[in-house]
Amino acid sequence: MRAHIEELITQALGYLKRDGVIEDDQAVDIQIEPTKDPKHGDYACNVAMMLAKSAGMNPRELAEKILKRLPSSKRVREVQIAGPGFLNFFASGHYLKIVVREILAQGEHYGEAPANSLEPILIEFVSANPTGPLHVGHGRGAAYGASLAAILQAAGHTVEKEYYVNDDGRQMDILAVSVWLRYLELSGERVRFPDNAYQGDYVYEIAREVRSRHGDDMRHTGHEVSESLPADGDQGGDAEAHIDALIARAKELLGETDYQAVFAIALEAMLSDIREDLDEFGVTFDRWYSERSLHESGALDQALATLKEKDWLETRNGAVWFKASELGDDKDRVVIRDNGRSTYFASDVAYLLDKLDRCPGQSLYIFGADHHGYVPRLKAAAQGLGEDPDRLDFQLVQFAVLYRDGKKIQMSTRSGQFVTLRDLREEVGKDAARYFYIMRSHEQHLDFDLDLAKSKASENPVFYIQYAHARIQSIFNKLDEAGQRHNQAIGEAAISQLVAEPEQALLRALGRYPEVIENAAKRRAPHILAHYLYEIAGQFHSWYNHAQFLVEDDDLRNARLNLAQATAHVLRNGLNLIGVSAPESM
RNA sequence: GCCUCGGUAGCUCAGGGGAUAGAGCAGCCGCCUCCUAAGCGGCAGGUCGCAGGUUCGAAUCCUGCCCGGGGCACCA
């Protein structure tokens with residue numbers, strides 16, 4: 001409908017330009033929005049107020065001229081000029097009729113824009129280090145990314161979803177060493193477990209796996225392991241130096257092959273755990289992109305070579321720096337350390353280049369808010385590589401804080417005292433978790449109320465929406481029991497009998513669904529869809545309490561059933577995009 | 001100090017140039033011989049952090065300040 005009105009106004013403005021009423025080169029951003037007050041019609045446009053000044057007349061006068069030139073449309077009953085110069089559009093009965101018809105005809109595809117009608121988008125999200133189970137912070141990024149990807153797809157983008165796996169680097173070495181130390185412990189060796197090693201119980205599980213595959217092959221005495229290591233943090237030394245020395249010691253005692261075997265078991269175990277976790281959360285990826293592969297394929301060297309060629313690299317104090325500060329970043333960034341190893345950022349640059357090569361459209365990054373400092377350096381990298389930084393889109397997801405019994409749940413990753421995504425799913429269920437994570441703007445801190453998420457009452461928005469869907473199904477079940485059939489054709493012919501206020505409101509709201517998808521996609525904001533579904537559910541519940549569906553009158557009954565079914569379609573389609581189920585009964 | 005997100009009803013949050021600023025929860029008052037009351041209706045509740053500015057019009061945009069979250073490694 002919005003697009004239709006825009007078309008009408010564009011035509012009218014065309015005539016006015018031709019007549020010289022408004023300037024020809026006047027670029028106008030025609031804004032059409034659903035009204036808040038039904039007295040103002042269904043959609044309002046402020047274009048007359050925007051153009052009044054340059055046209056040299058008052059807004060109402062210009063609105064009058066636009067109105068005269070407006071082509072007639074079957075979908076518009078009336079257009080009024082109101083207030084300071086708004087053009088208020090009232091939808092016709094015909095329009096409301098075709099809304100229901102379209103929804104019933106398109107079913108699960110209602111609301112979708114034609115595939116590939118918008119540029120392709122490569123979206124990368126979660127990308128948590130495979131050094132431990134996902135926690136509730138990752139959960140929000142996962143829910144946001146997956147919902148957004150589905151919405152973008154529905155809005156007409158071709159979407160590729162990727163998880164970037166940091167399977168290289170020091171954190172993975174620390175995990176491998178942690179596993180090996182637990183393995184030694186399980187083998188009966190007395191070894192000290194460092195402060196900075198991974199403390200979680202899952203490390204024992206992986207260690208058991210190492211033992212079952214390798215037996216005592218990787219066993220070394222506690223003395224061999226700890227002999228002349230620098231002191232750990234709590235021993236008055238440097239915790240980082242201690243663990244680095246331990247990594248070196250592990251490699252030395254195990255040899256490259258065995259060390260890599262432990263490393264591989266740890267990586268494999270964590271990845272399959274994460275993959276399974278996300279899978280159960282309804283979050284899937286098209287590609288799990290390995291950081292190591294960037295080294296192995298030469299992509300990393302290639303990317304650095306490109307930067308060097310364009311003169312953005314510089315050697316200083318034995319390290320190689322990317323001159324990011326000349327491209328808008330705060331400071332220069334190291335790509336090759338003085339010990340010869342490349343940095344994490346160097347891999348990022350290579351991955352960035354590969355993404356832009358593979359996807360001709362936008363590359364969309366979903367970061368936790370704590371990574372916002374990465375934005376300028378990646379934009380600088382894109383520019384340094386000779387790519388367009390505007391092809392990068394960064395969305396930052398703010399933190400989620402869990403509340404139970406009205407109290408904040410304290411978490412600390414270091415000590416392993418955190419709630420995992422799996423714990424959360426088991427406690428509140430997948431549906432509630434998915435909805436709660438995205439019901440607030442991603443730019444907003446989220447207070448996640450566990451008690452509310454578990455509630456089976458209308459105070460819980462997920463429940464409220466799902467209940468509306470289940471109620472509709474139950475109407476059709478009752479119809480069945482009565483031995484009656486729903487006849488869509490009769491309903492369609494009689495749709496104009498739906499004149500009650502709740503019915504009219506619902507009809508209009510259902511017609512807005514495709515615009516909601518478009519909007520949520522454009523603004524990268526799944527919460528817009530979450531709010532909309534809540535609104536639809538509310539309008540349905542309200543209607544349900546005011547009207548009887550299974551009435552004697554064939555016309556009226558079928559008309560109401562048509563609207564109920566259309567409502568169910570919209571609820572189902574929308575819930576599906578945000579990964580929430582639409583139950584048949586509750 | 002710099003960067004970033006936020007400050008809207010008692011609480012949690014929508015609205016992000018337009019008309020009288022909305023919803024849920026909490027509070028108060030009502031509604032089931034009837035398709036799910038796991039629901040609905042009503043009442044009450046506001047200095048949109050503060051101060052300037054731009055505009056026909058500012059919760060919304062700009063500047064400054066105050067308050068809170070987060071970030072500023074040759075860590076990942």
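In what follows, every chain begins at residue 1, and chains take the letters A, B, ... in the order their sequences are listed.
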Test: A:Lys355 cationic atom under 6.0 Å from A:Tyr365 six-membered ring centre, within 45° of axis: yes

Looking across every strand, which nucleic acid part, if any, lies under 4.0 Å from A:His527 by heavy atom: base, sugar-phosphate, or nothing? sugar-phosphate

Measure distances between side-chain N and O atoms of A:Asn46 and base N and O atoms of B:rA19, and say whether any donor-acceptor pair falls under 3.5 Å. no

Taking atom C1' in both B:rG10 and B:rU20, compute the distance separating them and give it to the nearest angstrom. 24 Å

Which of parallel (below 30°), tilted (30 to 60°) and perpendicular (above 60°) describes A:Phe399 and A:His445? tilted

Examine B:rU55: is either OP1 or OP2 under 4.0 Å from a nitrogen or oxygen in the side chain of A:Lys53? Give yes or no. no

Decide, applying a 5.5 Å centre-distance limit and a 30° plane-angle limit (both strict), whether A:Phe86 stacks on B:rA19. yes

Identify the heavy atoms of A:Ala453 and A:Asn460 that sit nearest to each other, and give their distance. O-ND2, 3.0 Å

How far, in whole Å, is B:rA19 from B:rU60 if one measures between their C1' atoms? 15 Å

Polar pair under 3.5 Å, donor/acceptor by atom type, side chain A:His445, base B:rG70: no

Integer angstrom distance from the P of B:rA21 to that of B:rU36: 40 Å

Does a side-chain heavy-atom distance below 4.5 Å link A:Phe90 with A:Val79? no

Mind checking the P distance from B:rC3 to B:rC65? Whole angstroms is fine. 11 Å

B:rG15 OP1/OP2 closer than 4.0 Å to side-chain N/O of A:Arg523: yes

In whole Å, measure the gap between the C1' atoms of B:rG71 and B:rG24 for me. 33 Å

B:rC35 and B:rG18, which share atom name P, separated by this distance in whole Å: 45 Å

Within the structure shown, what part of the strands sits under 4.0 Å from A:Asp449 by heavy-atom distance: base, sugar-phosphate, or nothing? nothing

Rounding to the closest angstrom, what is the interatomic distance between B:rG49 and B:rU55 at atom P? 23 Å

By a strict heavy-atom criterion of less than 4.0 Å, which residues belonging to residues 545-561 of chain A are in contact with RNA chain B? A:Asn545, A:His546, A:Ala547, A:Gln548, A:Phe549, A:Leu550

Carboxylate-amine/guanidinium contact A:Lys39 A:Asp37, below 4.0 Å: yes

Quick one: is B:rC56 close enough that its OP1 or OP2 comes under 4.0 Å of any side-chain N or O from A:Arg60? no

Electrostatic pair A:Asp393:A:Arg524 at N-O distance under 4.0 angstrom: yes

Interatomic distance at C1', B:rA9 relative to B:rA14, whole Å: 13 Å

For A:Arg440, is there an ion pair with A:Asp447 - N to carboxylate O distance below 4.0 angstrom? no

Under 4.0 Å: is that the gap between some side-chain N or O of A:Tyr532 and OP1 or OP2 of B:rA23? no

Given B:rC74, B:rG6, B:rG70, the nucleotide with the shortest approach to the side chain of A:Gln444: B:rG6

